[in-house]
Participant: 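Got a structure for you, questions after.
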Amino acid sequence: MKRIHNWQAGFSLIELAVVLIIIGLLIGGVLKGKDLIESARLKRVISQLNEYRIATSIFFDKYDALPGDFNKASTLIKPELRNGNGNGIVEGAGLAPGSEALAFWSHLVGADLIGSPGLEGEHNMGEFGKGAPECTLGGGFTIENNPHGLKGHWFILGNKRGEHGDGGLLTPAQAMNIDKKVDNGHPISGKVRAFDGSDATSHACVTQNGAYNIENHEPACVLFFQL
């Protein structure tokens, strides 16, 4: 009887190499796509910041006062706006009820310089999307005078933490990326400063040596931008 042999053809080394190359290209494309999406999100954050800086500058040029602190806002802009005390300082915590810091945004909206960040929530407590602008990364922007011992007015990018917006929002890598695009890339100097979020552990964002803790991939950073 004739023997019947069942031959099962396998892949050649060349075919395996081609398959591995294709898989590598697919993985590389996915990773590159994620990088592009992340880069676009961070650029949007910077665009928001620039929008608020420009709006504040235009407001000051027009009314000779800072938003929130303007003591004639209800007369010269809109009757429903809260007036500030006109002392040249945007006072109060960024999300505190009745604070000039929270009214900062409604003054800019009333002057048609930014889009509405939403109506304030119950008891006039500020929330992101309800009185203060949201960020595309989550959390949002607030403004405060002399925060964390920094002199002057600073925009703060973080998560809500009580009456403040200084909870950790960004990973150290994200914070460093934004810092490099806007300033000098150093968390403890320049016009952009980074701190551990008020809900983060010590040195989660910034190391003891004053560098971004890029080994940490958790959202531990809050960024401060000088007005």
Side-chain angles (χ1 to χ4, degrees), residues 23-56 93-95 101 105 114 117 126-129 132-144 146-227:
I23 292 173
L25 290 173
L26 290 173
I27 293 174
V30 170
L31 294 176
K32 184 64 176 178
K34 289 182 178 179
D35 289 343
L36 290 173
I37 292 172
E38 176 73 355
S39 178
R41 293 171 70 203
L42 297 181
K43 286 180 180 178
R44 174 55 186 150
V45 172
I46 296 171
S47 295
Q48 280 185 273
L49 172 67
N50 290 335
E51 177 187 354
Y52 302 145
R53 279 178 166 166
I54 292 171
T56 303
L95 298 172
W105 306 105
I114 65 171
E127 303 274 352
F128 294 124
E134 293 177 298
C135 170
T136 54
L137 297 175
F141 287 92
T142 53
I143 187 169
E144 291 190 20
N146 296 343
H148 271 274
L150 300 172
K151 293 184 178 180
H153 296 94
W154 294 73
F155 288 113
I156 303 170
L157 174 61
N159 267 320
K160 181 178 178 181
R161 187 73 171 171
E163 293 184 342
H164 301 272
D166 62 353
L169 172 66
L170 307 167
T171 66
Q174 288 175 322
M176 183 173 66
N177 193 316
I178 293 173
D179 192 348
K180 284 182 176 180
K181 286 180 168 60
V182 176
D183 195 38
N184 59 15
H186 299 293
I188 61 173
S189 67
K191 296 182 178 180
V192 177
R193 306 289 182 92
F195 290 89
D196 292 333
S198 57
D199 53 353
T201 58
S202 179
H203 307 309
C205 176
V206 181
T207 67
Q208 201 166 7
N209 296 326
Y212 282 104
N213 182 19
I214 57 175
E215 293 183 359
N216 179 24
H217 303 291
E218 298 299 318
C221 299
V222 53
L223 279 182
F224 293 71
F225 305 88
Q226 192 171 36
L227 178 60

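The structure displayed is predicted, hence computed values, not measured ones. Starting from 1, each residue takes its place in the sequence as its number.
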Participant: Distance check, rounded to the nearest 0.5 Å: R53 atom CZ versus I46 atom CD1?
Facilitator: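 One finds 10.0 Å between CZ of R53 and CD1 of I46.
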
Participant: What's the spacing between I54 CD1 and L49 CG if we round to 0.5 Å?
Facilitator: 9.5 Å

Participant: For G167, does its backbone N or O pair with a side-chain atom of D199 as donor and acceptor, under 3.5 Å?
Facilitator: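 Here the side-chain-to-backbone pair does not exist.
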
Participant: Would you check if N213 and H203 make a side-chain contact, meaning some heavy-atom pair closer than 4.5 Å?
Facilitator: no

Participant: With a 4.5 Å limit on heavy-atom distance, are the side chains of L150 and R193 in contact?
Facilitator: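 Side-chain contact under 4.5 Å: yes.
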
Participant: May I have the step-by-step check of side chain to side chain contact (heavy atoms under 4.5 Å, CB included) for Y212 and D179, ending in yes or no?
Facilitator: CA-CA 10 Å; Y212 282 104; D179 192 348; 2.7 Å; yes

Participant: Looking only at non-hydrogen atoms, find the nearest pair between P187 and V206 and report the distance.
Facilitator: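 Scanning both residues, the minimum pair turns out to be CB-CG2, 3.9 Å.
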
Participant: Could you list the donor-acceptor pairs under 3.5 angstrom formed by side chains in residues 216-227, with sequence neighbours left out?
Facilitator:
residue	atom	partner	partner atom	Å
N216	OD1	E218	N	3.1
N216	ND2	A204	O	2.8

Participant: Could you walk me through whether T142 and H164 satisfy the side chain to side chain contact (heavy atoms under 4.5 Å, CB included) test, starting with their C-alpha distance in whole Å, then the side-chain angles of each, then the deciding distance to 0.1 Å, before giving a yes or no?
Facilitator: CA-CA 8 Å; T142 53; H164 301 272; over 6 Å; no

Participant: With sequence neighbours left out, what residues match V45 under side chain to side chain contact (heavy atoms under 4.5 Å, CB included)?
Facilitator: C135, T136, L137, F141, L157, I178

Participant: Would you name the heavy atoms of A194 and C205 that are closest together and state the gap between them?
Facilitator: CB-SG, 4.2 Å

Participant: Once side chain to side chain contact (heavy atoms under 4.5 Å, CB included) is applied, do any residues pair with S198, and if so which ones, sequence neighbours excluded?
Facilitator: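 Listed in chain order: R161, D166.
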
Participant: How long is the straight-line distance from CG of N177 back to NZ of K43, given to the nearest 0.5 Å?
Facilitator: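 CG of N177 is found 9.5 Å from NZ of K43.
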
Participant: Could you tell me which non-hydrogen atom of A132 sits nearest to which non-hydrogen atom of P117, and how far apart they are?
Facilitator: C-CB, 3.5 Å

Participant: Measuring from L95:CG to I156:CD1, what's the distance to the nearest 0.5 Å?
Facilitator: 9.0 Å

Participant: Does the side chain of I114 come within less than 4.5 Å of P133's, by heavy atoms?
Facilitator: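 Sidechains of I114 and P133: no contact.
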
Participant: Heavy atoms only: give me the nearest N184-S189 pair and the separation to one decimal.
Facilitator: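 Closest pair (atom of N184, atom of S189, distance): ND2-OG, 3.2 Å.
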
Participant: Could you tell me which non-hydrogen atom of D183 sits nearest to which non-hydrogen atom of V192, and how far apart they are?
Facilitator: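 Here D183 and V192 meet closest at OD2-N, 3.3 Å.
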
Participant: Once you round to the nearest 0.5 Å, how far does CD1 of I214 lie from CD of Q174?
Facilitator: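 Rounded to the nearest 0.5 Å, the CD1-CD separation comes to 13.5 Å.
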
Participant: Hey, what do you get for NE2 (H186) to NZ (K180), rounding to the nearest 0.5 Å?
Facilitator: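 Interatomic distance, H186 NE2 to K180 NZ, rounded to 0.5 Å: 9.0 Å.
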
